[in-house]
Amino acid sequence: MSGVFEQVWALVRQIPPGRVTTYGQLAQLIGRPRGARLVGYAMSACPSGSSVPCHRVVNRFGGTTTAFDTLAPGTQRALLEAEGVAFTPEGCVDLSRHLWQPPGR
DNA sequence: GAGCTGACGGGGG
DNA sequence: CCCCCCGCCAGCT
């Protein structure tokens, strides 16, 4: 606890449905502007069964990750689309429309 | 107990 | 403008 991962999870948990954020944005929020990687690691370490909607975290291009495709490809995309998130023809999230705006700014 | 890997991003050459 | 390298934390072998 009190670890960087916990801080990341706490933020991700605040993301409302239909909204997404990027690894870099979370990194900045936890005080690690260059720690985008850590955010990704925090997601992989995300405990299953927790209330952390890790599927709402995408890379800077809005692209989904293959790490969700453990069972079937396009899992993350399907979850987001179910929440009303629009995707571009390139297969990326339309960040201009769905990027989460963190509190306190 | 130590080293490697793992869901990224930005800066420099 | 494109490609390579570095930074960072925690868990597993």
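Quick note: numbers below take in every heavy atom, side chains included, and nothing from hydrogens, waters or symmetry partners. Quick note on labels: first sequence line is chain A, next is B, and so on, each numbered from 1.
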Residue whose closest nucleotide on DNA chain B lies nearer the 5' end, A:R34 versus A:C54: A:C54
- prompt: Considering the options A:L95, A:V57, A:T22, A:I15, which one meets the side-chain contact (heavy atoms from CB on, under 4.5 Å) requirement together with A:W100?
  reply: A:I15
message: Nearest whole Å is fine: how far is B:dA7 C1' from A:L79 CG?
response: 15 Å
- prompt: Nearest to the side chain of A:Y23 - B:dG10, C:dC9, B:dG9?
  reply: B:dG9
- request: Indicate, with a heavy-atom threshold strictly under 4.0 Å, whether A:G35 touches base, sugar-phosphate, or nothing.
  value: nothing
- request: Provide, to the nearest angstrom, the distance between the CG atom belonging to A:L38 and the P atom belonging to C:dC6.
  value: 17 Å
query: What does C:dC1 pair with, Watson-Crick or G-U, if both distances are under 3.5 Å?
result: none
- prompt: What interatomic distance, in whole Å, is found between P of B:dA7 and the corresponding atom of C:dT13?
  reply: 15 Å
task: Tell me what A:R32 touches on the nucleic acid: a base, only sugar-phosphate, or nothing, going by heavy atoms under 4.0 Å.
output: sugar-phosphate
- line: Rounded to whole Å, CZ of A:R77 lies from C1' of B:dA7 at a distance of 18 Å
task: Return the value, rounded to whole Å, for the distance between atom CZ of A:F61 and atom C1' of B:dC8.
output: 10 Å
- line: Whole-Å distance, A:L80 CG to B:dA7 C1', equals 14 Å
message: What is the separation between atom CG on A:L11 and atom C1' on B:dA7, rounded to the nearest whole Å?
response: 17 Å
message: If I pick the C1' atom on B:dG9 and the same atom on C:dG11, what distance separates them, to the nearest angstrom?
response: 22 Å
message: With a 3.5 Å distance limit and no angle check, can you tell me whether A:W9 reaches the backbone of A:V52 through a side-chain donor-acceptor pair?
response: no
field: Along DNA chain C (nearest heavy atom to each residue), the more 5'-positioned of A:F5 and A:R37
entry: A:R37
message: Output the rounded distance in Å from CD (A:Q28) to C1' (B:dC8).
response: 13 Å
field: Main-chain N/O of A:T88 paired to A:D94 side chain as donor or acceptor, under 3.5 Å
entry: no
query: Whole-Å distance between C:dC9 C1' and A:M43 CE?
result: 13 Å
statement: d(A:Y23 OH, A:Q28 CD) to nearest 0.5 Å is 15.5 Å
field: Closest listed nucleotide, where the reference is the side chain of A:A36 and the choices are B:dG9, B:dA7, C:dC8
entry: B:dG9
query: Can you tell me how far the NE2 atom of A:H98 sits from the CD atom of A:E83, to the nearest 0.5 Å?
result: 10.5 Å
